[in-house]
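See structure below.
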Amino acid sequence: MSSTTSVHGMWSSRLAFILAATGSAVGLGNIWRFPYTAGEYGGGAFVLVYLICVAGIGIPIMMAEIMLGRRGRQSPINTMKSLAREEGSSPFWQLLGWMGIVSGFLILSFYSVIAGWTLAYVFRAAGGLFTGAEAQMARAMFEALVSDPERLLAWHTIFMIMTGLVVARGVASGLERAVRWLMPALFLLLVVMVFYAAQAGDFTGGFSYMFSPDFARLGSRFGEAVLSAMGQAFFSLSLGMGAIMIYGSYLNSRASIGQNAIIIASMDTLVALLAGLAIFPIVLANGLEAGAGPGLIFQTLPIAFGQMPFGGLFGTVFFVLLVFAAWTSAISLLEPMTAWLVENRGFSRPRAAALGAIAVWLLGIACLLSLNLWSNVTVLGKGFLDLFDYVTANILLPLGGVCIAIFAGWIMRRVSSVDELALGERSFGYRTWLALVRFVAPACVILVFLNAIGLI
Ligand code: TRP
């Protein structure tokens, strides 16, 4: 018998869930990671594969995650344990929850460092440092930041404290209010920036860079690009590690899961595309390198803010909103491990959140040092920050997502999923969903993996 509430609290309404889940999905992944990854793979072809992955793999897996969370009503580890028992399957399914904890741990460690860059840029914008910026200067400003471990540590520490504090209080309380005004504000500001880019940058160039796919240009990097686009879809939608699962566990039993997943994924995708449309026209007009890597937006946006009217003000507001967006995402990364510590170790919520945050903070130090003092320490040719980013987005999240899809599609009895999704066993919606989680999502992920390791 599944319970109808979670001990960790419940969303006050369906809207509260949509806001919180959108808050988790929209973050640095959309505005920092999407443009730079798209830029690394030359734009159009990457964007097209990304959109296909969001629609064909992301939305059905998001539905599955929400569904499992809502049925289990606990941290991902215990949810998987009790659902596996309920469906008469193996207790090994709880390993999926453990894998999610590991992914969340690794992601948050570097996510917090990047959020720290964003915090630092709030003050650069507010201090008028962008005025008259051109490519050379923006680049020097970025490099001065990432080569200074003490500064990075200070910002990383502040961001982890912010995240730990909210999680310690319980996510159901403050999140809803914060996201309610944050999302519309971020959206509006992005639209303003797209308008600016349209007028001052090379908009047609930027637009066709993003939307005219040229697969031939990828050449031998085709498989790698597809893997990264798929990884980006998982990362941006917060899938495959239990964040959406645990948010689903605070959702009441009547809300329509399919509709919610489509709304959340659409908003997430819209924000990513707007970010791209704000950035690439500037990149092209200023002769910058689209494949500049993780520093792309930090080296591009200051140029735009430095030249536009009221750029200091817009820049400050933009980076403040980006900090908030990163914050609401980071909270969802810390929540699963906190809930587990509360359930299984009997910790109070503040103590559990503090423990999780401190552990992540320590690992984050390795990430920030990999940008400077430890730049020659590499594993598989990557420093820690790049390594954690690559391994989580491209391997752990898709793997977690596929296991979720397999559990929802093959292990769970149809009566259970029909009941949760409330779609009717013969309806088009249910049958499409079932085909996607049973066959399409697992097959796509496995093929992309096999291709990436050179087996096909
Ligand atoms: N989706 C967030 C972003 O785009 C990051 C994030 C939050 C995340 N929770 C997650 C990524 C869980 C993977 C899994 O910034």
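Indexing begins at 1, ligand by ligand and atom by atom, following the structure's order. Just so you know, these numbers come straight off a predicted model, no measurement behind them.
- Under the 6.0 Å cut-off for aromatic ring centres, Tyr121 and Phe319 qualify, their centroids lying closer than that.
- Neither the backbone nor the side chain of Asp268 has any atom closer than 4.0 Å to an atom of ligand 1 (non-hydrogen atoms only).
- Taking the six-membered ring where the residue is Trp, Phe298 and Phe142 present parallel rings, their angle staying beneath 30° rather than reaching 60°.
- At under 3.5 Å, not a single nitrogen or oxygen of Val26, backbone or side chain, sits near a nitrogen or oxygen of ligand 1.
- Closest protein heavy atom to atom 1 (N) of ligand 1: Phe235 O, 2.8 Å.
- The distance between the ring centers of Tyr111 and Trp32 does not fall below 6.0 angstrom.
- Of all atoms in ligand 1, listed by their number and element, those nearer than 4.0 Å to a heavy atom of Ser236 are 1 (N), 4 (O).
- Among all non-hydrogen protein atoms, the one lying nearest atom 15 (O) of ligand 1 is Tyr111 OH, 2.4 Å.
- Aromatic ring orientation, Phe34 versus Tyr50: tilted (interplanar angle from 30° to 60°).
- In terms of protein heavy-atom proximity, atom 6 (C) of ligand 1 is closest to Ser238 OG, 3.5 Å.
- Taking any N or O of Gly29, backbone or side chain, at least one lies under 3.5 Å from an N or O belonging to ligand 1.
- Each of the following atoms of ligand 1 lies closer than 4.0 Å to a heavy atom of Asn30: 4 (O).
- Every heavy atom of Trp32 sits 4.0 Å or more from the atoms of ligand 1.
- From the protein, the heavy atom lying nearest to atom 2 (C) of ligand 1 is Ser24 O, 3.1 Å.
- Looking at heavy atoms from C-beta onward, Ile453 lies out of side-chain contact with Phe449 at the 4.5 angstrom threshold.
- Annotation: Phe280 is in aromatic contact with Tyr209 [ring centroid separation under 6.0 Å].
- Residue contacts with ligand 1 for Ile107 involve side-chain atoms from C-beta outward but no N, CA, C or O (heavy atoms, distance under 4.0 Å).
- Residue, atom and distance of the protein heavy atom nearest to atom 9 (N) of ligand 1 are Ser332 OG, 3.1 Å.
- Of the listed options Ser329, Ala393, Ala25, Ala25 places a heavy atom closest to atom 4 (O) of ligand 1.
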Given Arg349 and Glu335, is the salt bridge (charged side-chain N to carboxylate O under 4.0 Å, His left out) satisfied, shown in steps? CA-CA 10 Å; Arg349 183 165 257 279; Glu335 178 66 12; 2.8 Å; yes
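- No donor-acceptor pair under 3.5 Å is formed between the side chain of Gln94 and the backbone N or O of Met80.
- Considering backbone and side-chain N/O of Met241, none are found under 3.5 Å from N/O of ligand 1.
- Two residues are said to be in side-chain contact when any heavy atoms from C-beta on lie closer than 4.5 Å; Ile263 and Thr22 fail this criterion.
- Those atoms of ligand 1 that come under 4.0 Å of a heavy atom in Leu397, given as number and element, are 13 (C).
- No hydrogens or angles considered: a donor-acceptor pair under 3.5 Å links the side chains of Asn344 and Asn78.
- The ligand atoms of ligand 1 that sit less than 4.0 angstrom from a heavy atom of Leu28 are 15 (O).
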